[in-house]
Amino acid sequence: MADQTIFSAYLARLQRANLPRWTDLPQFDLYMDQVVQFVNDIVVPLGLGELTATMVNNYVKKGVIHAPEKKKYQRGQVANILIIAMLKPVFALDTIAAGIDYQLRNRQAAQAYDAFILAFIGAVQQVNSDFTGEVTINKVNREDTVNIQSAMVNLAINAVLEKLLVEMMAKAVAPTPLTPKAKKKAAKA
């Protein structure tokens, strides 16, 4: 029964999570320490790992996030850092970067970001509903959570399968890298 209480408390904490829409993101540019604090205030209550300045610097070095201007990060950069912080526990940085790039095709950053946040909020609400009612999610319902081992196995398997599917989709939509020969030819043109 204690397992159920812990699980129910976590579901309640997820439900209370404050995920900002685009208009709720800071309207002014932020320094690195402010970005880290802003993102951690959102992701840590979800049970996700803390973001560090080193992590953000690596995202910039790898080209996933544009370099700050005068050491300040703009709203779009903060939005991308938040998305990365939410997805990084499951996906490789390259997969996340490809997903962000694809979501930004033919739509504004605000629209893509809000679509992600609303989908995340909807998924949290669905999970909360599924585990507090008798609705089934991925063949696991509240009665199954009494047997935590069974629920953990089913959810872990589904998480792996969903991760693999997202990675394949990201590969499918990513631009094909140029071969060294093609790069030389393009440089001469």
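Note that the structure is predicted; figures quoted are calculated from it, not measured.
- Residues Pro68 and Tyr31 fail the side-chain proximity criterion, which asks for heavy atoms closer than 4.5 Å.
- The closest side-chain heavy-atom distance from Phe116 to Ile121 is not below 4.5 Å.
- Counting heavy atoms from C-beta outward, Val60 and His66 have side chains that stay 4.5 Å or more apart.
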With side chain to side chain contact (heavy atoms under 4.5 Å, CB included) as the test, would you mind laying out the steps for Leu19 and Leu46 before giving the verdict? CA-CA 10 Å; Leu19 299 175; Leu46 293 174; 4.0 Å; yes

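- Residue Gly49 comes nearest to Val43 through the heavy atom pair O-CG2, 3.7 Å, listed as atom of the first residue, atom of the second, then distance.
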Listing, residues 98-106 side-chain donor-acceptor contacts under 3.5 Å, not counting sequence neighbours, or none:
residue : atom : partner : partner atom : Å
Gln103  : OE1  : Arg107  : NH2          : 2.4
Arg105  : NH2  : Val173  : O            : 2.9

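- Among residues at least two apart or in separate chains, side-chain hydrogen bond (donor to acceptor under 3.5 Å, both in side chains) pairs with a member in residues 39-64 are Gln37-Asp41.
- Going from atom OG1 of Thr95 over to atom CG of Leu87 covers 10.0 Å, rounded to the nearest 0.5 Å.
- Remark: Asp114 pairs with Arg21 by the salt bridge (Lys or Arg N to Asp or Glu O under 4.0 Å) rule, at least two apart or across chains.
- In this structure, CE on Met55 lies 9.5 Å from CG on Leu93, to the nearest 0.5 angstrom.
- Grouping the Ile, Leu, Val, Met, Phe, Trp and Tyr side chains by contacts below 4.5 angstrom, directly or via other members, places Leu82 with Val90.
- Note on residues 71-81: pairs passing side-chain hydrogen bond (donor to acceptor under 3.5 Å, both in side chains), not counting sequence neighbours, are Gln27-Arg75.
- Partner of Pro26 under the side chain to side chain contact (heavy atoms under 4.5 Å, CB included) criterion, out of Leu30, Asp24, Asp29: Leu30 alone.
- Here the side chains of Ile81 and Ile65 are in contact, with some heavy-atom distance below 4.5 Å.
- Two residues are said to be in side-chain contact when any heavy atoms from C-beta on lie closer than 4.5 Å; Ile42 and Asn18 fail this criterion.
- Scanning all heavy atoms of the two residues, the minimum distance from Tyr113 to Pro20 falls at OH-O, 2.7 Å.
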